[in-house]
Each structure stands twice: as structure tokens, then as C-alpha cells.
**Q** 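Input: one structure, supplied below.
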Amino acid sequence: MRATANRRAIVPEPPAGTAYDPECRRCPRLAGFLDTVRAAHPAYFCRPVAPFGDPAAALVVVGLAPGMHGANATGRPFTGDYAGVLLYETLHAYGFASQPQATRRDDGLRLAGCRITNAVKCLPPENKPLPAEVRCCNDFLAADLRQVPAGGAILALGRIAHDAALRATGRTRRAFAFAHGARHALDDGIALFDSYHCSRYNTNTRRLTPEMFRTVFDAIAAHLGRAPSARAT
């Protein structure tokens, strides 16, 4: 599934309180790759992708990085690519999203009580950021996660997002091992939840099934004191 691209000159406003630099070129490899992709796809967004959603969100979802023909094209996380299918269907089922599909930035989708961001804000070659690039982008993630309120939740999609969230909150990996379905207690009643990434590969191979994903969201809903929507049952 490929996105309907928007003009890259239109830069969305990030949620209040989050850090975002649409002109960031800190990582030479990523900046150069975006230049190459922009030349091949001039209608694509091809910039760092801002967080999307509720500025007062109790739940922040942390993904890996923008996808080539998804967020990198549309300018909104998990929008227009396969990885967003299960994510937005599940967010809608649990009352966090106004609709179950995300196709383009102006599709009317709204998030309530939820915000989505990425460990790395720019498209990496082969969807594989280098460790140094994850570290370089971490202060943006740290600023975003500082907005999580007491008693809130962070959902890390995959090990890299998990490790980035730990670094952003001042914790070490040794004390908080990644595992699908794991729940890690942080300060102020905030909990970090882990899930396998909802990528095409993981869902096609059934490493991650819709039922497994809903089990994680059941735990998140319970932590936040939210009853699962009837759509999720």
C-alpha cells in the first residue's frame, strides 16, 4: 500500500510541548539519503516527521522511523503504509483514534489521549538506522516523552524503540529487557509497554498477530483506567 503524497512544502504543526526541527540535518547519512529520495519522488514529504496526536496524551506510541512510501511520503507517522494498518485499527478499537485507517495527512484522522512519534525522525536506508543516528535523534524523543503525565503509558514498537525510550527517560537496557507484552514501571506511575513492531514482515509471518497486539492494548487500557471499547471485544 503506497501513500497519496502531499506537497513537501507543507510542514505540519507538531503537538504543543514536543521538539521538532523540520530542517534537521544532524545525521549526514540520513540527510543525504533524503536528498536522493526527494530527487526521485519530488512530491514526497522527505523531511523529519513530527509527532502526531494529542499534546496532552496519556499514551505515547514510539515507532522506529518513517517508512519510505508511508510517513516519509505523507509527513505523518504510520500514515499510508502497511505498518499503520494494524496500529490505527487497534487505536480506533480502543477509542484512541477517530477512524481505523490512515491514508494521508488530510484524511480527517484525529487522535484522542494518544500521540505517535518515532525513535528516529528521518527515513533511514533499508529502514535501518545506525546506533549513532538513534542516539543523535534521542533528545527529540526525550522532549516528547517528558510530556507524558503521571500515570501515563509509553508503548515501544520493537527493540530499537524500546531502547530509545529507555535512553530518553534516563534508563539503561540492562534493567529493562525488551520482550513482547512486557510492562516496565518508570517514575510517577508511568509504565513502558513493549510490543513487536507492527511491520508487514511481523504481521505476515504472524510473529505479531492482531490478538497479540490487542493483549498489549488491554494491559495499557487497564493501566490508564480505560475500559476497552466494544469494538475491541
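For clarity, every value in this text was computed on a predicted model and none was experimentally measured.
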**Q** Answer yes or no on whether Arg226 is positioned over the face of Phe217, meaning its NZ or CZ is under 6.0 Å from the six-membered ring centre and within 45° of the axis.
**A** no
**Q** For the CD1 atom of Ile220 and the CD1 atom of Ile154, what is their distance to the nearest 0.5 Å?
**A**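 Between Ile220 CD1 and Ile154 CD1, I get 10.5 Å after rounding to 0.5 Å.
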**Q** Could Glu23 and Arg47 be called an ion pair, given the rule that one side-chain N must be under 4.0 Å from one carboxylate O?
**A**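 Salt bridge present between Glu23 and Arg47.
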**Q** Under 3.5 Å, is there a donor-acceptor pair linking the side chains of Tyr20 and Asp144?
**A**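 The answer is no; no qualifying pair exists.
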**Q** Is the closest basic N to carboxylate O distance between Arg76 and Asp107 below 4.0 Å?
**A** yes
**Q** Determine whether Arg183 and His223 satisfy the following criterion, side-chain hydrogen bond (donor to acceptor under 3.5 Å, both in side chains), listing intermediate values before the conclusion.
**A** CA-CA 10 Å; Arg183 177 188 184 279; His223 174 76; 3.1 Å; yes
**Q** Mind checking the NE2-OG1 spacing from His69 to Thr74? Nearest 0.5 Å is all I need.
**A**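 These two atoms lie 12.5 Å from each other.
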**Q** Ignoring hydrogens and angles, tell me if any N or O in the side chain of Arg38 forms a donor-acceptor pair with the backbone of Cys46 under 3.5 Å.
**A** yes
**Q** To the nearest 0.5 Å, how far apart are OG1 in Thr117 and CG in Leu145?
**A**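 Thr117 OG1 to Leu145 CG: 7.5 Å, rounded to 0.5 Å.
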**Q** Do Asn72 and His41 pair up side chain to side chain, a donor and an acceptor below 3.5 Å, judged on atom types alone?
**A** no
**Q** Within a strict 4.5 Å, meaning less than it, do heavy atoms of the Phe78 and Cys198 side chains meet?
**A**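 A side-chain contact exists here, since the closest heavy-atom pair is under 4.5 Å.
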**Q** If you measure from CZ on Arg26 to CZ on Arg135, what distance do you get to the nearest 0.5 Å?
**A** 13.5 Å
**Q** Parallel under 30°, tilted from 30 to 60°, perpendicular over 60°: which one fits the rings of His162 and Phe178?
**A**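 Geometry flag for Phe178 against His162: perpendicular rings.
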**Q** Rounded to the nearest 0.5 Å, what's the gap from CZ on Phe176 to CG on Asp163? Could you check?
**A**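 Result: 12.0 Å between the selected atoms.
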